[in-house]
A.B. asks: 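To start, I am sharing the structure in question, which I have written as structure tokens.
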Amino acid sequence: MRRIILTAVVALLVVSSGCVGLITGETVEFEANDASVEDAEVDSTDYTLNNSSERSITRDVSFLGQERTIRIVNQLNRHTKNGTLAEATGNETLALAVERDRVDATNVPDLAQFVVVSSPGAKVLGQTLNPAASWSNERILEQVADQTGKLNDLDKEETRTAESLGEDRNVSEFSATTNMKGKEVDVRAHVVSYEHEGDVIIAVGVHPEAMDEEDNVDELLEGIEHSGD
């Protein structure tokens, strides 16, 4: 009798949370609220909003011992800054040649990127159903590679703190390499992930090592705005 009552209570709590599908076996959708960077910070760092989109991912999860299917609806905002190959490589000879009009500047669109993803925590009865909440920084960089470009030879360098949504957050910095215009370029990647008002907020900044963008990345982090549940 006690087990029956407990099962009924659990079922009632699940139903009251609006996740009836977790009981019936139907696909349950969880949608994140948008997380974006305020215009003032975007403008002052010379970045522009390149892409704003909604992305859905269907996953199978285990809930109360049963396999269930959930749909995760993420919100993505991508900000970029254009530049030249000379800036990307830090090649002073090339930069001087461009300045003196001896060679054409090789423009590189989206030379630096700052990506913000808001993903629903999908927490029911204390269980977080969205695996993004526990992704490692390396996994995060793999997941956003379509936005930042594939990073090779990834190596963690240091961790610093930066303010974002009113609190100090741990920002992990990596060195890596990527391909730009057929050339291998050393880059820096900055990764932060935290929970805020029911959603998982992920921010990634990637730029050539020759460009000092750390202060801009921190300013963009501080400019993130998000209103969750």
Side-chain angles (χ1 to χ4, degrees), residues 17-22 25-39 41-42 45 47-63 67-82 109-124 127-152 154 164-165 169 171-172 174 176 178-179 187 189-207 217 220-229:
S17 69
C19 302
V20 181
L22 293 175
E26 300 173 27
T27 299
V28 180
E29 182 175 281
F30 297 91
E31 182 174 354
N33 289 284
D34 190 41
S36 58
V37 181
E38 295 183 27
D39 292 341
E41 279 73 14
V42 174
T45 55
Y47 281 72
T48 58
L49 179 61
N50 176 279
N51 177 38
S52 183
S53 59
E54 182 179 282
R55 298 191 169 192
S56 298
I57 301 173
T58 301
R59 298 185 182 280
D60 292 329
V61 298
S62 177
F63 180 74
E67 291 298 316
R68 292 291 184 257
T69 300
I70 63 173
R71 182 177 296 110
I72 299 293
V73 182
N74 300 319
Q75 309 295 333
L76 182 146
N77 287 284
R78 179 176 184 254
H79 306 79
T80 60
K81 177 187 288 187
N82 298 335
D110 307 344
L111 184 62
Q113 307 101 20
F114 184 80
V115 180
V116 182
V117 179
S118 178
S119 187
K123 186 174 290 187
V124 181
Q127 180 179 345
T128 300
L129 302 179
N130 186 355
S134 58
W135 279 349
S136 67
N137 290 322
E138 290 82 359
R139 179 69 184 277
I140 289 173
L141 289 173
E142 290 178 0
Q143 293 296 315
V144 300
D146 63 327
Q147 300 294 316
T148 63
K150 182 181 178 181
L151 302 182
N152 306 308
L154 199 66
S164 188
L165 285 171
R169 313 291 182 178
V171 183
S172 296
F174 294 81
T178 193
N179 186 280
V187 297
H190 311 262
V191 186
V192 61
S193 176
Y194 56 88
E195 293 188 29
H196 183 263
E197 296 186 2
D199 290 335
V200 180
I201 308 300
I202 295 172
V204 175
V206 177
H207 60 85
V217 169
L220 291 168
L221 285 171
E222 187 174 356
I224 292 177
E225 52 185 0
H226 167 261
S227 179
D229 297 334

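Sequential numbering from 1 along the given sequence is applied to the chain's residues.
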A.B. asks: Looking only at the side chains, is there a donor atom on one of N152 and N179 sitting less than 3.5 Å from an acceptor on the other?
C.D. replies: no
A.B. asks: Can you name the nearest heavy-atom pair linking E195 to A133, along with the distance?
C.D. replies: OE2-CB, 4.2 Å
A.B. asks: Is there a side-chain contact between N130 and P120, using heavy atoms and a 4.5 Å cut-off?
C.D. replies: yes
A.B. asks: Looking at every non-hydrogen atom in both residues, tell me the closest pair between L141 and V204 and how far apart they are.
C.D. replies: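 Distance-wise, the nearest heavy atoms are CD2-CG1, 3.7 Å.
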A.B. asks: Using side-chain heavy atoms (C-beta onward) and a distance below 4.5 Å, is V200 in contact with W135?
C.D. replies: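 SC-SC contact between V200 and W135 ruled out.
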A.B. asks: Please round to the nearest 0.5 Å and tell me the distance separating atom OG1 of T80 and atom CD of Q113.
C.D. replies: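 The OG1 atom of T80 sits 7.5 Å away from the CD atom of Q113.
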A.B. asks: When you measure from the side chain of R55 to the backbone of L76, do you find a donor-acceptor pair of N or O atoms at a distance under 3.5 Å?
C.D. replies: no
A.B. asks: Between D110 and N82, is there a side-chain heavy-atom distance shorter than 4.5 Å?
C.D. replies: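 Side-chain contact under 4.5 Å: yes.
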A.B. asks: Please enumerate all residues that pass side chain to side chain contact (heavy atoms under 4.5 Å, CB included) together with S118, with sequence neighbours excluded.
C.D. replies: A32, A35, Q75, D199, I201, H226
A.B. asks: To the closest 0.5 Å, what do you measure between CD (E197) and CG (L165)?
C.D. replies: 8.0 Å
A.B. asks: Kindly give the heavy-atom pair with the smallest separation between S172 and F174, and that separation in Å.
C.D. replies: CB-CE1, 3.8 Å
A.B. asks: Holding to side chain to side chain contact (heavy atoms under 4.5 Å, CB included), I want the full list of residues that pass it with S136, two or more places apart in sequence or in another chain.
C.D. replies: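 S136: side chain to side chain contact (heavy atoms under 4.5 Å, CB included) contacts with E138, R139.
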A.B. asks: Report the residue from N51, T48, N50 that forms a side-chain hydrogen bond (donor to acceptor under 3.5 Å, both in side chains) with R78.
C.D. replies: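 Checked N51, T48, N50 against R78; only one passes side-chain hydrogen bond (donor to acceptor under 3.5 Å, both in side chains): N50.
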A.B. asks: Does H190 have any ring pair (Phe, Tyr, Trp, His ring centres under 6.0 Å) partners at least two apart in sequence or in another chain, and if so, which?
C.D. replies: H207
A.B. asks: Okay, side chain of S193, backbone of I202: is any donor-acceptor separation there less than 3.5 Å?
C.D. replies: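 Checked: no pair found.
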A.B. asks: Is there side-chain contact between V37 and I224, with at least one heavy-atom pair below 4.5 Å?
C.D. replies: yes
A.B. asks: Taking atom CG as the centre, does D39 end up with more than 12 heavy-atom neighbours from other residues, nucleotides or ligands that are less than 6.0 angstrom away?
C.D. replies: no
A.B. asks: Taking atom types as modelled, find out whether N74 and S119 have a side-chain donor-acceptor pair closer than 3.5 angstrom.
C.D. replies: yes
